[in-house]
J.: 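Questions regarding the structure given below will be posed in turn.
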Amino acid sequence: MTEKSKRMTYLDALGLAQREELEGRDDTIIIGEDIALYAAGGAYGDIHPSRIRSAPISECGFAGMAVGAAITGLRPIVDLTIANFIYLAADPIINQAARLRYMTGGQFKVPVTYRASMWHGQANAAQHSDRPYPMFMNIPGLKIVCPATPEDAKGLLKAAIRDDDPVIVFEDNDLWGKKGDVPLDTEFVVPIGKAKTHRAGSDVSIISISGCLRHALKAADALATEGIHADVIDLRTLLPLDNDAILGTLARTGRVVIVDPAHRTMGAAAEIAAIIVEDGFDMLRKPVKRVVTPDVPIPFSPPMEAPLYPNPEKIAAAVRELM
Amino acid sequence: MQNDVQSEAYLRMLKIRGFEQAVTRLVTEGEVPGAVHTSIGQEAAIVGACMALKLDDYISGTHRSHGHPIGKGADLKPLMAEILGKATGICKGRGGSMHFTDKSVGSIGESAIVGGGIPIATGAALTAQVRNSGQVALTFFGDGASNEGVLAECLNMAAVWKLPIIFFCENNGYAAVTSAAASHGQPDIAKRGEGYGVPGVIVDGQDFAAVHAVTEAAVARARRGDGPTLIEAKTYRFDEHCVGLFIKGGYRPAEEIDHFRNERDPVTLLRNSLLADGMSERAVVEIEAQAAGLIEEAVAFAKESPFPDPQEAFELVHANPIPIRR
Ligand SMILES: Cc1ncc(C[n+]2csc(CCOP(=O)(O)OP(=O)(O)O)c2C)c(N)n1
């Protein structure tokens, strides 16, 4: 019997997704810096070099070329590596990819995938430690996913590559080395737009984004020993948000803590809180709480950096305040 | 040069000119929402470039967007309807004057982000290369846009990868109201190719035959797999940057404008050359009447067409629709 799944790292899962898609269809290409030798997730020396494009350092140029390639029939994957570099590619992603379908009256589809890895918590300072998805959530026409497990990393990246719209995959670099079981089925995809419940509970909802999931689960373990049962959901997709899942967990518990590694102001957590207040106010037993990163540029020195992010202790403390 | 190429070129140039004159009239009649930029004066550069391409070759362009798809052979009716924001518009009323796009003639998008169309066409050239389709891409941009960094990035990548692309600068001497002299350390855009290993060619943008010939050579080079060419057509825009824009004080000498209008009008120059080549006055007038008829038809079609239902604003955001909160 062939294996159905295999234990592997989040990074290997991304690499597997990419390889399967590159091998499965000859319209899929990958562009990025240093791709030929060590693309995040593996090199692809045996795939036709025409589809493996190690680009010069030209983020705006190749992010824009991917749009042109997408509307003329390819399915480009753009590896922007460190998420901060996405700012240099903001114009083609925002002004072109996100709205060409709309502005041309539907003459084109834009099946391009942008990969951006959020390297934070590793003493890389403010220019290499951002979690920029909230800015892109304000751009109609995009889709945004944030996988939190190796299984979702594979399934969501594959869904992104197969999607006919521009999708940004924000990877959590803290997770790259973490292992989990990953389905080996080449048709396995995780649907874009659906959250996942990781733990059922009736006292409080912990709504988690990206790598915060593992902190949320740890906090839930600790809280369980105190008799507090948390419902833990991972959103997985930030654009579109799974409103049903957000309101569903609220209905089960009446108390919500949102855990989001991005900055506080205008963040994803703020939008989720607004949805809860607009559509679920009557179900709320207590005010919504956010565990997020404060509005400071990320400092270099580890003892300054580490305490800024959400962690299990902060999540558990926020929950206790609601009980 | 074959006579039928010249007469087709004359028709297309007249279509651009007549279309834009009609649009200008519609602006003054208050019928046109938004900003309108005309390329009157630049027709030979546009048509010379477009006619060196095949129908399935790709073009991308700029905010001065009307001429490019027309030069590539687009039907005028959906273009005119788009200008008026009608449901029958080529972009279903979502693009307008600055964003003409007509997939059916290989026009893959005009961008009101100055320089924005450059990587798009470079990417289309990448598609052509990956698929080995034999197609080429051509991107139109202005002298102003040539100062955007993305041009440098794309020239370099196209050179490294020998992409089948032509970078085509319509240098009309001004970026809005700033002269090229005031914004380039070195005035010949074509020379910028050299630093990236891309041959640069300067051509008289008022001369259809000259533009057509250099573009044909660049297209042949691209199709052979020898990579990109940077063409700079020295041209001139006769009217203001934007229809209705009034710049006090003036930034262009009146004699300069007069000189181009009177001595260097590409439409007149091509007309003279057709007559010199032996075409009869009657045949020339027939082409002129044909163009006028097409424009009249387009204006009538656009005026009669309905506006889109406002609810349609919520459609076409995504290929796989997602719920949109209102
Ligand atoms: C990125 C960007 N910056 C500024 C503008 C505003 N703008 C619109 S047209 C224009 C001048 C462009 O000059 P050029 O590229 O030479 O084209 P031309 O108008 O001469 O055809 C400017 C500055 C813009 N649309 N996009």
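A, B, ... follow the sequence lines: proteins, then strands. Residue 1 opens every chain. It should be emphasised that the depicted structure is a prediction, and the values quoted were computed from it without experimental measurement.
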J.: Output the residues of residues 117-124 of chain B for which the shortest heavy-atom distance to chain A is under 4.5 Å, in residue-number order; output 'none' if no such residue exists.
T.: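 Under the 4.5 Å heavy-atom cut-off, B/Pro119, B/Ile120, B/Thr122, B/Gly123, B/Ala124 qualify.
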J.: For B/Thr101 and A/Thr104, test the side chains for any donor-to-acceptor distance below 3.5 angstrom and give the result as yes or no.
T.: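 No, no side-chain donor-acceptor contact under 3.5 Å.
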J.: Indicate yes or no for a side-chain donor-acceptor contact from A/Arg101 to the backbone of B/His318 under 3.5 Å, with no hydrogens or angles considered.
T.: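 The answer is yes, because a donor-acceptor pair under 3.5 Å joins these two groups.
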J.: Any chance CD1 of A/Ile57 has more than 12 other-residue heavy atoms, nucleotides or ligands included, within less than 6.0 Å?
T.: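 Count not over threshold, so no.
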J.: Let me know if B/Glu315 has heavy atoms under 4.5 Å from chain A in its side chain, its backbone, both or neither.
T.: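 Just the backbone, heavy atoms under 4.5 Å.
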J.: Nearest heavy-atom pair of A/Arg53 and B/Val130: which atoms, and what distance?
T.: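 So the minimum-distance heavy-atom pair works out to NH2-CG2, 4.0 Å.
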J.: Relative to chain B, which segment of A/Arg51 carries a heavy atom at a distance below 4.5 Å: side chain, backbone, both, or neither?
T.: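 For A/Arg51, the side chain is the part near chain B, not the backbone.
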J.: Would a distance-only check, ignoring hydrogens and angles, find a side-chain to backbone donor-acceptor pair under 3.5 Å from A/Tyr102 to B/Phe314?
T.: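 A pair under 3.5 Å: no.
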J.: Which pair of heavy atoms, one from A/Asp279 and one from B/Arg325, lies closest together, and at what distance?
T.: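 Closest pair (atom of A/Asp279, atom of B/Arg325, distance): OD2-NH1, 2.8 Å.
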J.: Given heavy-atom pairs under 4.5 angstrom as the criterion, report whether the side chain, backbone, both or neither of A/Leu142 touches chain B.
T.: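 Contact with chain B involves the backbone of A/Leu142 alone.
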J.: Among A/Met103, A/Lys109, A/Arg99, single out the residue with the greatest number of heavy-atom pairs under 4.5 Å to chain B.
T.: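 Result: the option with the highest number of such pairs is A/Met103.
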J.: Determine which residues belonging to residues 136-152 of chain B lie within contact range of chain A, meaning some heavy atom pair is under 4.5 Å apart, and list them by number or answer 'none'.
T.: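 When heavy atoms of chain A are the reference, residues 136-152 of chain B contributes B/Val150 within the under-4.5 Å range.
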J.: Any idea which heavy atoms bring B/Ile108 and A/Ile71 closest together, and the distance?
T.: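 Answer, listing the atom of B/Ile108 first, then A/Ile71: O-CD1, 3.5 Å.
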J.: Given heavy-atom pairs under 4.5 angstrom as the criterion, report whether the side chain, backbone, both or neither of A/Pro240 touches chain B.
T.: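 Contact with chain B is through both the backbone and side chain of A/Pro240.
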J.: Could you tell me which portion of B/Phe100 (side chain, backbone, both or neither) has an atom closer than 4.5 angstrom to a non-hydrogen atom of chain A?
T.: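 Contact with chain A is absent: no heavy atom of B/Phe100 under 4.5 Å.
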J.: Most heavy-atom pairs under 4.5 angstrom with chain B, which of A/Ile275, A/Val110, A/Val67, A/Asn95?
T.: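 Winner by heavy-atom pair count: A/Asn95.
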J.: Counting heavy-atom pairs under 4.5 Å with chain B, which one of A/Ala55, A/Ala70, A/Pro111, A/Ala63 comes out on top?
T.: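 Winner by heavy-atom pair count: A/Ala55.
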J.: Per the side-chain hydrogen bond (donor to acceptor under 3.5 Å, both in side chains) rule, what does the pair list look like for residues 132-141 of chain A, sequence neighbours excluded?
T.: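 side-chain hydrogen bond (donor to acceptor under 3.5 Å, both in side chains) check on residues 132-141 of chain A returns A/Tyr133-A/Asp260.
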J.: Has A/Glu23 got more than 12 heavy atoms of other residues, nucleotides or ligands less than 6.0 Å from its CD?
T.: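 Counting neighbours around CD of A/Glu23, more than 12 heavy atoms of other residues, nucleotides or ligands fall under 6.0 Å, so yes.
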J.: What is the distance from atom CG of A/Leu241 to atom CD1 of B/Ile322, rounded to the nearest 0.5 Å?
T.: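 Those atoms lie 9.5 Å apart.
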J.: Does B/Glu312 have more than 12 heavy atoms from other residues, nucleotides or ligands lying within 6.0 Å of its CD?
T.: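 It does: B/Glu312 CD has more than 12 such atoms within range.
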J.: Given that the side chain runs from C-beta out, which part of A/Asp27 has a heavy atom under 4.5 Å from chain B: side chain, backbone, both or neither?
T.: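 Contact with chain B: none, neither part.
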J.: What residues of residues 155-163 of chain B sit under 4.5 Å from chain A when only non-hydrogen atoms are counted?
T.: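 If one takes a 4.5 Å heavy-atom cut-off, the residues of residues 155-163 of chain B near chain A are B/Asn156, B/Met157, B/Trp161, B/Leu163.
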J.: Closest heavy-atom contact between B/Cys154 and A/Met65?
T.: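 Answer, listing the atom of B/Cys154 first, then A/Met65: SG-CG, 4.5 Å.
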J.: When only pairs under 4.5 Å are counted, which of B/Asn132, B/Asp102, B/Ile113 shares the most heavy-atom pairs with chain A?
T.: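 The option with the most such pairs is B/Ile113.
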J.: Check whether A/Asp164 gets within reach of chain B through its side chain, its backbone, both or neither, counting any heavy atom under 4.5 Å.
T.: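 Both parts, backbone and side chain.
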J.: Checking B/Ala313 against chain A: side chain, backbone, both or neither under 4.5 Å from a heavy atom?
T.: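 The answer is both parts of B/Ala313.
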J.: With a 4.5 angstrom heavy-atom cut-off, which part of A/Gln96 approaches chain B: side chain, backbone, both or neither?
T.: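 For A/Gln96, the side chain is the part near chain B, not the backbone.
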J.: Could you tell me which of B/Glu82, B/Lys103, B/Lys92 has the largest number of non-hydrogen atom pairs under 4.5 Å with chain A?
T.: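 Of B/Glu82, B/Lys103, B/Lys92, B/Lys103 has the most heavy-atom pairs under 4.5 Å with chain A.
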J.: Is there a side-chain contact between B/Asn320 and A/Ile192 (heavy atoms, below 4.5 Å)?
T.: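 No, their side chains stay 4.5 Å or more apart.
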